[in-house]
Amino acid sequence: MNAENTVKECAWQAIGALYGAAGELPELQVAKTRKEFEGDYTLVTFPLLKLSRKSPEATANEIGLWLKENCGHIVADFNVIKGFLNVSLTPEYWLGCLGTLMQSPNYGFVCESGRSMMVEYSSPNTNKPLHLGHIRNNLLGYSVSKILEANGHNVLKANLVNDRGIHICKSMLAWLKFGNGETPQSSGLKGDHLVGKYYVAFDKAYKAEIKELMAGGMSEEDAKREAPIMREAQEMLRKWEAKDPEVYGLWEKMNGWVYAGFDETYKAMGVSFDKVYYESNTYLLGKELVQRGLEQGVLFRKEDGSVWADLTGDGLDQKLLLRGDGTSVYMTQDLGTAVQRHGEYNLDEMIYVVGNEQNYHFQVLKLILKKLGYGWADGIYHLSYGMVELPEGKMKSREGTVVDADDLIAEMISTARAVAEEAGKLDGLSEQEIAEISRMVGLGALKYFILKVDPKKTMLFDPKESIDFNGNTGPFIQYTYARIKSLERRAAEQGGIAVTSVADFEQGRLPEPKEIELIKHLTEFAGVVRQAGAEFSPAVVAAYAYDLAKEFNQYYHDYPILKPEVAEGDRVFRLSLATQVAGTLNRAMGLLGIEMPQRM
RNA sequence: GGUCCCGUAGCUCAGCUGGAUAGAGCAACAGAUUUCUAAUCUGUCGGCCACAGGUUCGAAUCCUGUCGGGAUCACCA
């Protein structure tokens with residue numbers, strides 16, 4: 001069931017019959033007819049002029065006449081404006097589409113592509129809590145996973161936690177120095193926030209030491225290196241690498257606090273993972289790979305013993321892979337991890353959801369893997385997303401301008417509640433229902449706000465102007481859904497309407513123009529899912545859901561569905577159509593990780 | 001300096017595999033409600049699609065250059 005293809009096939013037949021199918025055929029251009037013209041689909045005739053050897057108008061007319069005579073799905077009336085042929089499909093055809101939809105509760109979702117993919121996202125550091133930038137990452141990663149699943153792929157959601165390194169040692173050290181044994185239990189602080197507090201404390205103490213050293217005549221660079229607290233942190237990292245029991249125990253304890261905190265945030269956001277990796281387990285990977293590359297002559301060694309990849313032939317620079325002392329760097333680890341995962345799961349694609357500041361890194365990663373002879377490197381895709389900026393510019397933790405993820409989520413939910421209460425939407429509902437609706441709507445607003453924007457674009461978030469609940473927003477779409485659910489409840493109270501196929505409709509009840517518009521929208525969902533999957537773009541799905549909701553709201557406004565004056569035949573038909581809209585909205589929003597309330 | 005990304009209404013964003021008169025939302029203004037839920041609907045206002053060339057029947061969309069903004073080019077991750 002694909003109306004556009006139906007039109008295309010008819011057009012091909014017309015062209016074959018009229019002009020012969022000889023020679024190479026131009027691409028057929030069929031598009032949805034613009035609103036201001038009459039018709040469902042438009043055939044652009046300009047590319048066909050070489051075949052027809054006639055004017056655009058004559059060609060369009062000729063094809064239109066042929067379709068009228070020979071194609072049963074296309075209505076007799078067509079119109080030609082300049083080189084554009086506008087045709088419509090019959091109400092019977094659209095009724096058939098509605099019938100197919102009613103029989104296909106999972107319309108739009110493909111089963112079993114046979115392809116396996118890993119989507120790596122989130123990948124936080126364990127020294128501070130999640131912020132707005134992480135929210136964009138997590139929502140994107142989760143949504144893209146859902147979209148790929150809907151395209152029939154076997155998807156593994158992965159999280160590579162950066163649990164080791166100097167950053168966590170900073171938090172650990174500051175906690176030892178200033179913490180007085182404080183724990184999440186004793187302080188009432190969420191674990192990740194507690195650890196983040198000591199990361200900030202470290203930075204403060206570090207800065208004070210630098211200032212003092214510089215006052216004593218030292219250069220800034222030297223002061224940064226010589227500051228005692230920094231030396232201590234580095235010493236701590238060495239002890240960690242040597243698995244010093246005391247340091248290791250502290251590390252495990254504080255990371256445990258952070259994980260408990262993250263789990264809470266993940267749960268609140270509604271994201272999850274199939275596989276969690278820890279850098280403490282993977283940071284030594286890749287060394288063998290580099291050795292092999294060295295033997296193959298793909299990599300080279302400098303006098304100091306360090307190993308490099310020469311990418312200057314590809315327009316890039318040289319890239320360090322092993323230091324002179326044999327220790328590895330970030331890239332080494334990522335190379336090793338990629339190879340290991342590919343061996344483990346035989347992945348067709350690996351999608352990395354990582355900010356655009358790492359564009360270069362992934363370009364290099366892919367290139368080196370190819371040089372090492374891994375053909376599957378072509379299946380690596382860096383889903384690069386832009387920063388979330390505040391009105392005053394970038395978020396800076398040092399200046400305290402970060403928008404904390406937990407705070408923002410809580411604020412969205414409480415705002416949703418306040419808005420609903422003011423509008424009297426929650427009267428008569430239990431506290432539990434109120435809390436659940438507020439949660440869904442608040443999160444829906446936040447998720448939609450972020451996911452509707454093209455991932456690669458830098459986006460702006462203004463905390464002072466709280467996220468809207470009207471217009472092109474998540475709650476708008478949720479509201480549309482809730483109203484349909486309300487209709488369904490009412491219909492059930494009135495004795496139920498048992499319609500499962502078009503055969504149950506009143507004889508001769510065909511869709512009216514506005515209803516055809518809705519059916520047309522509904523049939524486009526499969527194409528939207530496919531496109532979103534091919535482009536890794538939740539924004540495509542968001543735009544679709546909004547358009548469908550808007551279209552339905554107009555219909556709902558103009559056409560009564562269950563009002564007493566509505567004839568039984570119309571009532572049944574309209575409710576069935578509304579149910580299809582609700583189902584499609586629900587599936588579309590599900591791909592964005594947005595839940596739909598039954599009432600709001 | 002090299003490479004990559006972005007520039008569309010006052011603001012936030014669609015549209016970009018070339019198609020008809022460039023679309024939404026917010027904001028502003030004017031309307032619709034004895035409600036199948038007004039978190040809705042209708043209308044008005046708002047544009048040298050950064051700029052200049054090129055490609056062609058046709059360019060916001062493709063190519064080149066310029067300007068503006070961002071990222072990156074670490075023995076950090």
Side-chain angles (χ1 to χ4, degrees), chain A residues 27 29 31 33-37 42 44-47 49 56 81-84 86 123 125 162 164-167 279 283 302 304 306-308 315-325 327-331 333-334 355-361 363-364 384 386-387 389 391 393-394 416 419-420 422-425 441 445 449 452-454 456-462 465 467-480 482-487 489-491 494 539-540 542-543 546-547 549-550 553-564 566 571 574-575 578 599-600:
Chain A
E27 181 101 359
Q29 287 189 41
T33 301
R34 296 180 59 120
K35 272 227 163 64
E36 56 270 36
F37 301 101
T42 299
V44 184
T45 59
F46 293 103
L49 301 184
I81 295 161
K82 296 196 258 181
F84 300 94
N86 298 320
S123 305
N125 291 354
N162 184 8
R164 64 162 284 279
I166 192 71
H167 54 271
E279 287 201 9
Y283 79 108
K302 287 191 179 175
D304 64 355
S306 57
V307 180
W308 299 71
L316 303 174
D317 299 320
Q318 296 187 343
K319 183 73 194 174
L320 177 87
L321 294 176
L322 283 181
R323 298 187 183 101
D325 62 5
T327 55
S328 55
V329 293
Y330 177 45
M331 181 61 77
Q333 174 195 165
D334 256 15
N356 62 10
E357 70 271 14
Q358 293 200 35
N359 285 355
Y360 183 76
H361 174 81
Q363 204 184 342
V364 170
S384 158
M387 307 252 148
E389 286 190 356
K394 283 204 278 187
V419 168
E422 189 165 349
K425 298 278 184 187
V441 174
F449 177 83
K452 76 171 173 179
V453 180
D454 180 354
K456 69 169 176 279
K457 286 195 176 176
T458 302
M459 64 177 292
L460 189 108
F461 174 75
D462 189 345
E465 288 177 34
I467 293 173
D468 266 316
F469 288 52
N470 300 324
N472 186 358
T473 65
F476 173 93
I477 300 164
Q478 291 172 318
Y479 179 67
T480 307
R483 285 209 296 201
I484 297 173
K485 287 292 142 184
S486 168
L487 284 176
R489 281 193 299 273
R490 183 178 296 256
Q494 292 176 0
V540 171
Y546 174 67
D547 282 341
K550 194 175 146 85
N553 281 338
Q554 288 165 1
Y555 180 70
Y556 179 88
H557 185 266
D558 295 336
Y559 293 78
I561 295 173
L562 294 181
K563 285 182 183 172
V566 179
R571 177 183 293 236
R574 290 172 184 173
L575 185 68
R599 66 183 82 220
M600 65 184 274

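Reminder, nothing fancy here: chain letters follow the sequence lines and each chain counts from 1. Keep in mind that the numbers below use all heavy atoms, side chains included, and drop hydrogens, waters and symmetry copies.
- If you check B/rA71, B/rG25, B/rG19 against the side chain of A/Lys394, the one that comes closest is B/rA71.
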- Task: With pairs defined as Watson-Crick or G-U wobble and both distances under 3.5 angstrom, please note down RNA chain B as a dot-bracket string, | for pairing with another strand.
- Result: (((((((..((((.....[...)))).(((((.......))))).....(((((..]....))))))))))))....
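- The side chain of A/Val329 lies closest to B/rC75 when the candidates are B/rA14, B/rC41, B/rC75.
- By the criterion of a centre-to-centre distance under 5.5 Å and near-parallel planes under 30°, the ring of A/Tyr556 forms a stack with the base of B/rC36.
- Side-chain nitrogen and oxygen atoms of A/Arg483 include none within less than 4.0 Å of the OP1 or OP2 phosphate oxygen of B/rC41.
- When distances run from any side-chain atom of A/Asp454 to the nucleotides B/rA14, B/rC41, B/rA20, the shortest one goes to B/rA14.
- At the heavy-atom level, A/Met600 lies under 4.0 Å from base atoms of the strands shown.
- Across all strands, A/Tyr330 comes closer than 4.0 Å to base atoms (heavy-atom distances).
- In this structure, A/Ala31 reaches neither bases nor backbone, as no heavy-atom distance under 4.0 Å exists between it and the strands shown.
- Of the side-chain N and O atoms in A/Lys456, none sit less than 4.0 angstrom from OP1 or OP2 of B/rA71.
- Of the listed nucleotides (B/rG25, B/rG19, B/rC36), B/rC36 has the atom at the smallest distance from the side chain of A/Leu487.
- OP1 or OP2 of B/rU72 has not a single side-chain nitrogen or oxygen of A/Lys319 nearer than 4.0 Å.
- Of the candidate nucleotides B/rC36, B/rA20, B/rA77, B/rA77 has the atom nearest to the side chain of A/Asn162.
- Of the candidates B/rC36, B/rA77, B/rG23, the closest approach to any side-chain atom of A/Glu279 belongs to B/rA77.
- For A/Lys457, a side-chain nitrogen or oxygen approaches OP1 or OP2 of B/rA14 to under 4.0 Å.
- Within the 4.0 angstrom heavy-atom criterion, no nucleotide atom of any strand lies near A/Val566.
- Contact annotation for A/Thr327: no contact, since no heavy-atom pair falls under 4.0 Å across all strands.
- Within 4.0 Å of A/Gln29, counting heavy atoms only, lies at least one base atom of the nucleic acid.
- At the heavy-atom level, A/Leu460 lies under 4.0 Å from the strands shown only through sugar-phosphate atoms.
- Remark: ring of A/Phe46 overlaps the six-membered base ring of B/rG19 in a stacked fashion, centroids less than 5.5 Å apart, planes less than 30° apart.
- The shortest distance between the side-chain N/O atoms of A/Arg34 and the OP1/OP2 oxygens of B/rG23 is below 4.0 Å.
- For A/Gln358, the side-chain atoms get nearest to B/rA77 when compared with the rest of B/rA77, B/rA14, B/rG23.
- In this structure, A/Lys319 forms no cation-pi arrangement with A/Trp308, as its terminal cationic atom is not both closer than 6.0 Å to the ring centre and no more than 45° off the ring axis.
- Checking the phosphate oxygens (OP1, OP2) of B/rU40, a side-chain nitrogen or oxygen of A/Asn470 falls inside 4.0 Å.
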